[in-house]
Amino acid sequence: MSNHEKNLWQGIDPGAQDALKARDYHTASFAQELSQRGVDAGELATADRNQREIRKAWIPGVEVFPRKVHPQRHRGFFGEFVRRDEGILAQIGFWPKQWSAARMFANTAKGFHVHPPSIPADTTPEKWHRRLFIRQPKNYSLRRYDDEQWDVMFFLQGRIEIILCDIRVGFPRRVMCFFVDGDNHRSNNNVGIVVPPGVAHAIRAEGAEDVIMVYGTSTIFHPEFEGRVASEIETAELPESWQKFLSQSGKQETRK
């Protein structure tokens, strides 16, 4: 602690002064903010991905696109998800085979989990990923939507933090962390999100409000397509005394 800081805190007990720490309010680079503290989803939806810094930080195959939520006075609100023949999903040739909904209670989280990429038999994972996302990134006809699970997510209620981590062979480990608002919070952070296979993802509810989400998948649900990693946060363990009671409840004494 500098002399200036010591003078500033001279009215505080010396023992307590040693425990004081200042929060870091410095603004980092875009890449650092995106991978560490997180950014607003609206920044990503309007980002120029041709800029070198953004291109280097962006996970290939991920899409974050804006949505418009319309207020309906005295009734509520109305928001479209996506149109099959327009926008990002039309551009990349992805239309879900299954739509699902999920509700997350306040102060809970999902993930991490990841879906396996489908690799053609005549190539290696590294070569395939580089062809798909680096050498021919706009040749969307190469994507194997029928054989691997791509997700597109929308949030109707609540506020969430979503974390994406690229763990595909041949790519550097990139992390994208950003904050999304549900439709009941109209803002620039009302977005849709496309997550490709091989990108681990987790969602955390922010605040004291339940989260409701709707998501589409390129395949119907296959349990084997869901690889769970570091997902212990989803498990609500029973108290130790309960576990002990349950483990003993089925036992019977042996009488002679």
Side-chain angles (χ1 to χ4, degrees), residues 29-36 38-39 41 43-45 47-65 82 84-85 87-98 100 110-153 162-178 191-203 215-231:
S29 69
F30 175 84
Q32 290 173 319
E33 293 285 340
L34 180 60
S35 64
Q36 297 173 17
V39 302
E43 292 185 51
L44 300 181
D48 180 359
R49 287 162 58 181
N50 291 318
Q51 290 187 15
R52 185 172 180 272
E53 184 182 20
I54 294 175
R55 189 172 65 249
K56 287 185 65 177
W58 201 280
I59 295 175
V62 168
E63 304 288 349
V64 180
F65 55 94
V82 67
R84 187 186 62 182
D85 300 321
I88 291 294
L89 295 199
Q91 178 183 326
I92 66 177
F94 163 33
W95 189 251
K97 288 186 177 177
Q98 178 173 324
S100 305
K110 288 180 179 290
F112 278 87
H113 65 275
V114 64
H115 310 299
S118 175
I119 311 298
D122 60 351
T123 187
T124 66
E126 182 174 2
K127 289 180 179 178
W128 178 246
H129 289 152
R130 294 194 66 80
R131 179 186 179 190
L132 206 59
F133 298 105
I134 305 300
R135 290 170 42 213
Q136 301 181 51
K138 294 188 178 180
N139 188 356
Y140 303 117
S141 64
L142 290 174
R143 297 186 176 182
R144 301 164 68 87
Y145 293 127
D146 291 338
D147 302 311
E148 58 189 14
Q149 182 174 321
W150 288 65
D151 296 339
V152 58
M153 304 176 183
I162 183 166
I163 306 173
L164 309 179
C165 182
D166 195 348
I167 55 176
R168 290 171 291 191
V169 173
F171 285 165
R173 182 70 64 95
R174 291 187 179 102
V175 174
M176 294 175 67
C177 175
F178 51 99
V191 300
I193 306 156
V194 174
V195 181
V199 175
H201 42 289
I203 300 170
Y215 60 100
T217 53
S218 60
T219 63
I220 62 171
F221 176 69
H222 296 291
E224 65 271 23
F225 279 10
E226 190 170 60
R228 312 205 70 78
V229 54
S231 60

Inset, instruction - Answer yes or no: is there a donor N or O on one side and an acceptor on the other, between the side chain of His129 and the main chain of Val169, under 3.5 Å? - result: yes
Legend entry - 4.5 Å side-chain heavy-atom contact, Phe171 and Ile134: yes
Legend entry - Candidate list His222, Glu224, Gln149, test side chain to side chain donor-acceptor pair (under 3.5 Å), partner His115, passing option: Gln149
Inset, instruction - In sequence, state the C-alpha distance, the side-chain angles, and the governing distance for Val82 and Val152, and then conclude on side-chain contact (heavy atoms from CB on, under 4.5 Å). - result: CA-CA 10 Å; Val82 67; Val152 58; 5.7 Å; no
Inset, instruction - In sequence, state the C-alpha distance, the side-chain angles, and the governing distance for Phe178 and Leu164, and then conclude on side-chain contact (heavy atoms from CB on, under 4.5 Å). - result: CA-CA 9 Å; Phe178 51 99; Leu164 309 179; 4.0 Å; yes
Inset, instruction - Indicate yes or no for a side-chain donor-acceptor contact from Arg55 to the backbone of Asn50 under 3.5 Å, with no hydrogens or angles considered. - result: yes
Inset, instruction - Identify the two heavy atoms, one from Phe133 and one from Arg168, that lie closest to each other, and give their separation to 0.1 Å. - result: CE1-NH1, 3.3 Å
Legend entry - Under 3.5 Å donor-acceptor, Ser35 side chain and Arg174 backbone: no
Inset, instruction - Test side-chain contact (heavy atoms from CB on, under 4.5 Å) on Val175 and Gln36 and set out the steps. - result: CA-CA 8 Å; Val175 174; Gln36 297 173 17; over 6 Å; no
Legend entry - Matching residue for Pro60 among Leu132, Asp166, Val199 - test: side chain to side chain contact (heavy atoms under 4.5 Å, CB included): Asp166
Legend entry - Where Phe94 and Thr217 come nearest, the two heavy atoms and their spacing: CE1-C, 4.2 Å
Inset, instruction - Working to the nearest 0.5 Å, report the span between OH of Tyr145 and OG1 of Thr219. - result: 13.0 Å
Legend entry - Distance-minimising heavy-atom pair for Ala45 and Val191: CB-CG1, 4.1 Å
Legend entry - Where Ala47 and Ile54 come nearest, the two heavy atoms and their spacing: CB-CD1, 3.9 Å
Inset, instruction - For Leu142 and Trp128, work out which heavy atoms get closest and say how close. - result: O-CZ2, 3.6 Å
Inset, instruction - Decide yes or no for Leu89 and Val194: does some side-chain heavy atom of the first lie under 4.5 Å from some side-chain heavy atom of the second? - result: yes
Legend entry - Residue among Ile163, Ile167, Ile203 satisfying side chain to side chain contact (heavy atoms under 4.5 Å, CB included) with Phe112: Ile163
Legend entry - Minimum heavy-atom distance between Asp147 and Phe225, given as atom pair plus value: O-CZ, 3.7 Å
Legend entry - Arg144 atom CZ, neighbour heavy-atom count above 12 within 6.0 Å: yes
Inset, instruction - Check the pair Trp150, Arg143 against side-chain contact (heavy atoms from CB on, under 4.5 Å), reporting the backbone distance first and the verdict last. - result: CA-CA 10 Å; Trp150 288 65; Arg143 297 186 176 182; 3.4 Å; yes
Inset, instruction - Report yes if the side chains of His201 and Met176 come closer than 4.5 Å at any heavy-atom pair, otherwise no. - result: no
